[in-house]
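Below is one structure; the comments refer to it alone.
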Amino acid sequence: MFIVYDSLTGNVARFVSRLDFKKEKVSPKLEVSQPYFLVTYTTGFGEVPESTQEFLHRNHSNLLGVASSGNRNWGQLFGKSADIISLQYNVPILCKFELSGTYNDTERFTQEVNKIVQFHSKVDRVKQ
């Protein structure tokens, strides 16, 4: 499975570095033509980073799910970018994690990715 991530301070980069998936960082010219999962951060007062928004504008059609980092000090705004992206693109939130996450966060993320991949594999078999 393919992971696309956006990281400003390195927290998200550290999180995805612990995952056993192919991954690529958001860049202005990145085009993704395969199913993927997005891991991003929350900025400002619970906002989606501009770089993530621009990437999704061009690449939302293959998005299968989203996860976001944040800081629990922000209360209800913790990981809010995942909520916004989930609603905007009708995809599930895989997890929210604080800073660069814990071992349990990466395990939960991997489990959620695997569930979605299995579901899509079953759907594809039924379509055939």
Side-chain angles (χ1 to χ4, degrees):
M1 193 40 53
F2 189 53
I3 307 296
V4 175
Y5 69 97
D6 200 357
S7 185
L8 178 66
T9 63
N11 285 327
V12 173
R14 280 188 290 282
F15 178 85
V16 300
S17 73
R18 297 190 305 261
L19 300 171
D20 273 339
F21 297 110
K22 181 180 173 193
K23 51 193 106 34
E24 190 160 347
K25 189 174 190 312
V26 166
S27 65
K29 295 184 179 184
L30 178 62
E31 298 292 334
V32 180
S33 59
Q34 63 183 317
Y36 72 94
F37 296 91
L38 176 67
V39 183
T40 190
Y41 60 98
T42 302
T43 191
F45 294 98
E47 299 164 5
V48 177
E50 188 174 321
S51 52
T52 300
Q53 290 177 35
E54 290 170 2
F55 168 78
L56 284 170
H57 181 72
R58 297 185 317 275
N59 294 283
H60 64 273
S61 62
N62 290 308
L63 179 63
L64 296 177
V66 63
S68 179
S69 72
N71 188 312
R72 293 193 189 278
N73 290 338
W74 287 95
Q76 292 182 336
L77 299 178
F78 167 70
K80 185 74 174 168
S81 63
D83 298 324
I84 294 166
I85 293 167
S86 174
L87 286 172
Q88 187 171 5
Y89 296 104
N90 194 30
V91 295
I93 298 171
L94 306 171
C95 71
K96 294 180 182 182
F97 55 93
E98 188 164 28
L99 303 174
S100 59
T102 64
Y103 172 81
N104 288 339
D105 293 326
T106 56
E107 286 296 305
R108 186 173 67 241
F109 177 87
T110 299
Q111 289 171 357
E112 293 302 315
V113 165
N114 288 333
K115 283 182 198 175
I116 292 170
V117 169
Q118 288 174 357
F119 172 78
H120 282 275
S121 294
K122 288 179 184 177
V123 168
D124 289 343
R125 283 194 301 267
V126 169
K127 287 180 180 178
Q128 294 175 358

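Residues: numbered from 1 along the sequence shown.
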So, the side chain of S69 versus the backbone of S100: is there a donor-acceptor pair under 3.5 Å, distance only? no

Flag side-chain contact, heavy atom, 4.5 Å: F109 against V39: yes

Could you give all pairs that pass the side-chain hydrogen bond (donor to acceptor under 3.5 Å, both in side chains) test and reach residues 3-12, with sequence neighbours left out? D6-S51, D6-T52, T9-N11, N11-R14

To the nearest 0.5 Å, what is the distance between CG on L63 and CG on N90? 10.0 Å

Measuring from atom OG1 of T43 to atom CD of E50, what distance do you get when rounded to the nearest 0.5 angstrom? 10.5 Å

Counting heavy atoms not belonging to Q76, are there more than 12 under 6.0 Å from its CD? no

Side chains of F37 and V117: does their closest heavy-atom pair fall under 4.5 Å? yes

Quick one: do F45 and K80 satisfy side-chain contact (heavy atoms from CB on, under 4.5 Å)? Show the steps, please. CA-CA 9 Å; F45 294 98; K80 185 74 174 168; over 6 Å; no

Taking side chain as C-beta onward, heavy atoms only, is F55 less than 4.5 Å from T40? no

Rounded to the nearest 0.5 Å, what separates atom CD in Q111 from atom CG in L94? 11.5 Å

Taking a hydrophobic cluster as the set of Ile, Leu, Val, Met, Phe, Trp and Tyr residues connected by side-chain heavy atoms closer than 4.5 Å, whether directly or through intermediates, do V113 and F2 fall within one such cluster? no

Could you see if Y36 belongs to whatever hydrophobic cluster contains V91? Use Ile, Leu, Val, Met, Phe, Trp, Tyr and a side-chain cutoff under 4.5 Å. yes

Identify the two heavy atoms, one from A82 and one from V66, that lie closest to each other, and give their separation to 0.1 Å. O-CG1, 3.7 Å

Do L8 and V4 land in one hydrophobic cluster if side-chain heavy atoms of ILVMFWY residues count as linked below 4.5 Å? no

Intermediate values then yes/no, side-chain contact (heavy atoms from CB on, under 4.5 Å), N71 and L99: CA-CA 6 Å; N71 188 312; L99 303 174; 4.1 Å; yes

What's the shortest heavy-atom distance between R72 and F78, and which atoms? NH1-CE2, 3.4 Å

Relative to the ring of F97, is the ring of F15 parallel (under 30°), tilted (30 to 60°) or perpendicular (over 60°)? parallel

Measure the spacing between CG of D105 and CZ of R18 and express it to the nearest 0.5 Å. 8.0 Å

Show the nearest heavy-atom pair for residues I84 and G46, with the distance to one decimal. CD1-O, 3.3 Å

So, S86 versus D83: side-chain donor-acceptor pair below 3.5 Å or not? no

Please check this pair: side chain of H60 against backbone of L56, looking for a donor-acceptor N/O pair closer than 3.5 Å. yes

How long is the straight-line distance from CG of N59 back to CD of E54, given to the nearest 0.5 Å? 11.5 Å

Are I93 and V12 connected in the hydrophobic side-chain network, where two residues link if heavy atoms are under 4.5 Å apart? no

Give me the atom names and distance for the closest heavy-atom approach of Y89 to H57. OH-N, 4.1 Å

With distance as the sole test, does T42 use its side chain to make a donor-acceptor pair with the main-chain N or O of S81 at under 3.5 Å? yes

Nearest heavy-atom approach of K96 to R108 is O-NH2, 3.2 Å

At what distance, to the nearest 0.5 angstrom, does CZ of F21 lie from CD1 of I3? 5.5 Å

Could you report the tightest heavy-atom contact between Q34 and K22, atom names first, then the distance? NE2-NZ, 4.3 Å

